[in-house]
Protein chains: 2
Amino acid sequence: MKITSRTEYGLRAMVYLAARPGDAPAPLTEIARSEGIPAPFLERILAQLREDGLVKATRGASGGYALSRSPDRVAVADVVVALEGPLTLVDCVGEDRSCVRAEGCASRTVWRRIDEAIHEVLAGISLADLVTEGERR
Amino acid sequence: MKITSRTEYGLRAMVYLAARPGDAPAPLTEIARSEGIPAPFLERILAQLREDGLVKATRGASGGYALSRSPDRVAVADVVVALEGPLTLVDCVGEDRSCVRAEGCASRTVWRRIDEAIHEVLAGISLADLVTEGERR
DNA sequence: GAAATCCCAACCGCGTGAGTAGGGATTATC
DNA sequence: GATAATCCCTACTCACGCGGTTGGGATTTC
C-alpha cells in the first residue's frame, strides 16, 4: 500500500512545470537534474503523462515539455490516475467481475469508502495549490 | 497502490470470527474453508494477528482462534496496520527523513493529507459495524 | 549539417507478494 | 496413555512488477 516512485516523480515533475516561469518548454534533462530524477526513467513517466494529455512535448532543439492545461485545471488525481492506474485499493471494488463472494462481503464497503475518501482528497488539490504551497516555505 | 491479499484475507477472517456465534474458538481449517483462503497462508496471517494481540489461539484438539477483544473494540485500522504496516503512502511522510528535499517539497503535503484521510476512515469502522452491515444483506 | 531534443523498444536485477511443504509441539477426548 | 485434532515454525519456490539502464532512431532549430 505504497505510492510508486513513478507517481511521486511524476507529481514532482508536474509541480516543477507548473511553477516554471516563461512559456518555453522545459527540456527533460533540466527537470531531471533539478528534481534529482534519473533522466531515462523520467522520460518514460513523461511519455505516460503525454499519452494521458497532461503534458505536451515539442521536439527538436529548444524543445521540451510543458503543461497542456493551466495548473489550476489539473488535479493531483489526474496525475496519480495517469501513473498509478485507477484509484482502487482492491480490484473487487472496481468494475470488473468481483469475487464470487461479492454479495455479503462486508469488507468491500470498507475499501469502497476509502477509495472515495482518497479520491475526494486528490481531486480537491490542484497543481496551482501545490505551487503556492511550495512558495510559502 | 493496492491492498495486499494478506490484508484482505485477514480482515475477512476477523469479520468471520466476529460474526461467529458461540464461545468456542474456530479452527483454522473452518475459517479457511468457509472464506475460501488457502489454509497454510491463512495460518501465517493469523500468526501475525496473534502477535499483534488481535486474536488469541488455543492449541490442541477443539482449539482454534478467537478474537481477543469484543468486535466493537477492534477497528479496521488495527487489522490493516497489523498486516500492512504503517498507513503511509510514501516513506518520506513518516519519521524517516530520507528525502533530502523534504523542505519545500509541496507533494509531501498531498501524501500526508491522504494518509490522514485513510486513517480517519479506517479508525472509524469497527468489526462490529461490518458484521451488522453484512447481516443487512 | 550539427546539435539539441523527444521518441521508442528491449533488457535486467532485485525485492516482495502469494502460496507450498513438511515437520514439531500441545491438548482434548476416549 | 494413545490418538487425533489442532496450533506453531522454518524454509522454500515461483511469478511479477518496480526501478532503472542501454542504445538507437526521428524531429527540429540554428
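Numbered from 1 within each chain, the chains take letters A, B, ... in sequence-line order. All values below were derived from every heavy atom in this structure, side-chain atoms included, with hydrogens, water molecules and symmetry-related copies excluded.
Annotation: of the two residues near DNA chain D, B:Gly63 and A:Ser62, the 5′-most nearest-nucleotide partner is B:Gly63.
Residues satisfying the side-chain contact (heavy atoms from CB on, under 4.5 Å) test with A:Asp78, not counting sequence neighbours, are A:Leu54, A:Arg69, A:Val74, A:Ala75. With sequence neighbours excluded, no residue satisfies ring-ring contact (aromatic ring centres under 6.0 Å, His included) with B:Tyr16.
Using modelled atom types, one side-chain atom of A:Arg12 and one backbone atom of A:Glu35 make a donor-acceptor pair closer than 3.5 Å. Distance alone, capped at 3.5 Å, places no donor-acceptor pair between the B:Arg33 side chain and the B:Ile37 backbone. Using a distance-only test at 3.5 Å, with no hydrogens or angles considered, no donor-acceptor pair links the side chain of B:Asp72 to the main chain of B:Leu127.
Residues from residues 42-59 of chain B with heavy atoms under 4.0 angstrom of DNA chain C, sorted by number: B:Arg44, B:Arg59.
Closest approach of B:Asp129 to B:Thr132, counting heavy atoms only: O-OG1, 2.9 Å. Between A:Ala26 and A:Leu17 the shortest heavy-atom distance is CB-CD2, 3.8 Å.
In 5' to 3' order, the nucleotides of DNA chain C bounding all contacts with chain B (an atom under 4.0 Å from a heavy atom) are C:dA18 to C:dA28. Nucleotides of DNA chain D with any atom under 4.0 Å from a heavy atom of chain B span, from 5' to 3', D:dA5 to D:dA11.
Residue-level contact check: A:Pro40 touches the bases, meaning some heavy atom is under 4.0 Å from a base atom. Across all strands shown, A:Ala39 has no heavy atoms under 4.0 Å from either base or sugar-phosphate atoms.
Between the side chains of A:Glu8 and B:Ser107, no donor-acceptor pair of N or O atoms lies under 3.5 Å.
In this structure, A:Arg6 does not pair ionically with A:Glu84, as no charged nitrogen and carboxylate oxygen lie closer than 4.0 Å.
Residue pairs satisfying the side chain to side chain donor-acceptor pair (under 3.5 Å) criterion with at least one member in residues 51-65 of chain B, sequence neighbours excluded, are listed as follows: B:Gln48-B:Asp52.
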